[in-house]
Amino acid sequence: MPNKRSGGGLSVVQQAAKFLGVSVLSGAVMAGIALPAAGALGLAAKGSVEGFDEIPANLKRPPLSQRTTILDAKGGQLATVYSRDRTVVELKNISPYMQKAIVAIEDSRFYEHGAVDLKGVLRALNKNAQSGGVAEGASTLTQQYVKNVFVEEAGDDPTKVAQAQQQTIGRKIKELKYAIQVEEELGKKKILENYLNITFFGQQAYGVEAGARRYFSKSAKDLTLPQAALLAGIVQSPTRYDPVNDPAEATKRRNTVLQRMAEVGDITRQEAAAAQEKPLGLKVSKPKNGCIAAVKGAGFFCKYVEQEFLASPVFGKTREDRTKIWNQGGLTIRTTLDPQSQASVQASIKEHVYKSDKVATAVTLVEPGTGKILGMGQSKPYGYGKNETEINYSVGSDRGGSNFGFPTGSTFKPFVAAAALEEGRPAIQEYSAPYEMEYPSPVQTCSGSPWINQENAKVENESESEKGPYRLRKAMELSVNTYFVQMISDIGLCPVVKMTDALHVTQGNGDKLPEVPAIALGSKGISPLTMASAYAAFASRGMYCTPVAIESIKQKSNGQEKSLEVPKSTCSRAMSETTADTINTLLQGVVDSGTGQSAGLTDGRDNAGKTGTTDERKNAWFVGYTPTLSGAVWVGSAMQNVKMRNITIGGVWNELVFGGKVPGPIWKDAMTGALAGKDSGKFNFVPIIEPPVQKPDDNDGNDGGTGDDNDGNDGGATDGGNDNGGNTTFPTPSFSIPENLFQGQSNGNGNGGGRG
């Protein structure tokens, strides 16, 4: 073999000789040391080789990727998320049997040699020559550790992984150089600890702790002799010696390890023989990676937490930076999810809506004054099978939700009322509110160009008996469409836009709401989380707080633990305390004597809320709150293709679905359980004293009825469409109602809807 490379410099063999400090060996032997059994492996010196002096002096050891654990607010585990299932542990927390077993089978002279075991190399060369193949390798544990570092640094890039594992003299020389560095810097104990934490044990388990839990459902510190021998044996070929898929082959390999432990004096031959007679004793724990395996129905909340992390600049300037941290793992994320609230949400959903139903429900609970998300669930579970979905119906598209949210119907009307109160309109504001009317025109907008009803679009109330004049309290209780259209015409669109901006109310895709009168009737899609957070501002006397899901994060890396900064809720005043108190008073009337009676809490707690049902009954809502908890419930089809008439939901037949009938009871049960044993506080109600309204054509005091749920015709899926159908239930009817009296029609002229 020539001594010089083309172009001058040392040959590959001489580089290796210099590197190892062994100049007395011949070129052939030296090649074998640099790369044992090179010929048998089909390798040649033509592989890429860097000059020894050109190799960077220090081995970059990236933090080992680990599992991330997501916890609820009380510390209960919700899910584990990882790119590699690994939990780094100290050597003192690894069974002595495991330490001895891995050394015995992989590098029995580990404590006697340096980075390179020359005696082992010569032994391997001799044995391989005799067998005509690769019967024995000569890499030390230190060399194997360095190789694993290369693989870990490659991450999940298959090309980089292949390069890190390629059998070339160049890579082998780099491995040897860094092995010497590692031996000098870390010492034997630390190298062994690092090796046991980095190596792959099959079945998606990286590191000995994950391996022990995967195969035996126990910690690495508790491994017995035969269990440790089994794990040590897997390392050489995790596929071939997989005890789950080939227990016979795994048993043979385990027994080989036990025999080797006896040969090197780690155990007696009697101990080895006794352990060899033991069954494998597997107690396999299936991998539970990702939000799909979350417990407590928290799969979608778990995914929301991930999306929040990846979107927040607190965790890195770019999404790429944040993704790197997330994939690195080692995080313990304590979230805001309250286990009691979440359990109540799940129980209520299970009681009222089945996952196999044609429609779904989504429920979100938020804490007023803090923005903490306490509960989040839906009837279609997180998954990829039948009646499952990856879409989180509770949130907007930027967090994995619906592209557009869902039309909210009359649950939007409190925003209009709040805007009017802020503009100085009295709580006894009166409008004529006829049964039917054209949208008033022109209506002032923020841009200065007024909205004009060019198509002569009309809006109707639920029934012809529902006609004004009305004042605000009764109009809110009965969810009178024409009243709120007149209100928005009176104050203009700009105050409403300012109010919704202050409450962070946007469409599901993040777009601002359009400046059209139909928004008064909930014609645009909004997410349940957005609605729950906005209503929480009423509960907290006008203070809006952005929703948050993460309480704290601790990160483990290189044996150190540190706390990371997390996003904080930002609270700002959206309206005066007087306005919020007045809205609370008005919406208490909705659950006391209006369309939301079936949702009202019956345990003496102050509560308020609003119903909503959209065009053709494709969506039904109830959004309500106490002073300490706000919740939004949506029921409908995610594809907006189911009209909820003559439909079975949760095993119950519904001739007509409306906000008070299906969403209302879901909200009531979820809130009741979430608040059980807790003080929910008191509202600061304001007196609203008003004289009776004298109807011009009706002097008997009947103003349209105060049935327990006069719901059913509000909110189109687009700006067009007005379904004025309804279903009014009177507690003690004194007159007959024609069957088709409340069956409405859609005129498609921009009427979002009306009745809550």
Side-chain angles (χ1 to χ4, degrees), residues 348-363 378-380 387 389 391 393-394 402 404-412 462-463 479 481 521-528 531 595-599 609-623 632-669 707-718 721-729 739-746 751-756:
S348 183
I349 291 172
K350 184 177 180 181
E351 173 68 21
H352 293 284
V353 183
Y354 299 159
K355 71 175 186 178
S356 58
D357 288 340
K358 293 181 180 179
V359 295
T361 187
V363 183
Q378 64 190 51
S379 58
K380 301 290 185 186
N387 297 316
T389 182
I391 299 174
Y393 299 148
S394 288
S402 165
F404 303 103
F406 305 107
T408 59
S410 289
T411 57
F412 195 93
E462 182 177 4
S463 70
S479 201
N481 291 345
L521 309 179
S523 61
K524 286 299 180 180
I526 301 172
S527 75
M531 293 299 290
T595 60
Q597 289 185 66
S598 61
K610 187 71 185 74
T611 55
T613 313
T614 68
D615 198 27
E616 298 184 292
R617 301 184 186 277
K618 292 180 180 178
N619 303 274
W621 288 75
F622 188 86
V623 188
V633 177
W634 163 81
V635 175
S637 163
M639 300 299 293
Q640 296 289 282
N641 58 3
V642 177
K643 301 175 183 179
M644 292 184 287
R645 303 173 185 266
N646 300 318
I647 186 173
T648 298
I649 302 176
V652 178
W653 172 259
N654 295 272
E655 183 178 354
L656 297 172
V657 172
F658 38 82
K661 186 173 183 182
V662 179
I666 296 173
W667 180 89
K668 179 178 181 177
D669 290 350
D708 63 347
D709 208 326
N710 301 327
D711 204 325
N713 68 342
D714 61 281
T718 65
N722 177 23
D723 182 0
N724 296 308
N727 181 31
T728 303
T729 302
E739 183 178 352
N740 64 350
L741 178 60
F742 300 124
Q743 299 303 311
Q745 57 186 357
S746 177
N751 298 334
R755 169 71 78 180

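These figures come from a predicted structure and were not determined experimentally.
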Reported [atom1]-to-[atom2] distance for the pair [X] and [Y], which is rounded to 0.5 angstrom:
X	Y	atom1	atom2	answer
M531	F412	CE	CZ	8.0 Å
W653	N646	CH2	CG	4.0 Å
K618	M644	NZ	CE	11.0 Å
Y393	S527	OH	OG	14.5 Å
N387	Y354	CG	OH	13.5 Å
L521	T408	CG	OG1	9.5 Å

Within the structure provided, determine whether I649 and K358 are in side-chain contact (heavy-atom separation under 4.5 Å). no

CA sep, side-chain torsions, deciding dist, call: T389, Q378, side chain to side chain contact (heavy atoms under 4.5 Å, CB included): CA-CA 10 Å; T389 182; Q378 64 190 51; 3.5 Å; yes

Do side-chain atoms of [X] reach the backbone of [Y] as a donor and acceptor pair under 3.5 angstrom?
X	Y	result
Q640	P407	no
W621	P528	no
T611	G596	no
R617	V657	yes
T361	W634	yes
S598	G660	yes
N619	G636	no

Considering non-hydrogen atoms only, spot the tightest contact between [X] and [Y] and give its length.
X	Y	answer
K610	S479	NZ-OG, 3.0 Å
H352	D669	NE2-OD2, 2.6 Å
P665	S348	O-OG, 4.3 Å
D357	G650	OD2-N, 2.8 Å
G659	A620	N-CB, 4.0 Å

Going by the rule side-chain contact (heavy atoms from CB on, under 4.5 Å), which residues pair with K350 if we only count those two or more places apart in sequence or in a different chain? none

Those residues that, when tested against K380, pass salt bridge (Lys or Arg N to Asp or Glu O under 4.0 Å) (two or more places apart): none

For the pair E351 and I666, evaluate side chain to side chain contact (heavy atoms under 4.5 Å, CB included) and give the outcome as yes or no after the intermediate values. CA-CA 8 Å; E351 173 68 21; I666 296 173; over 6 Å; no

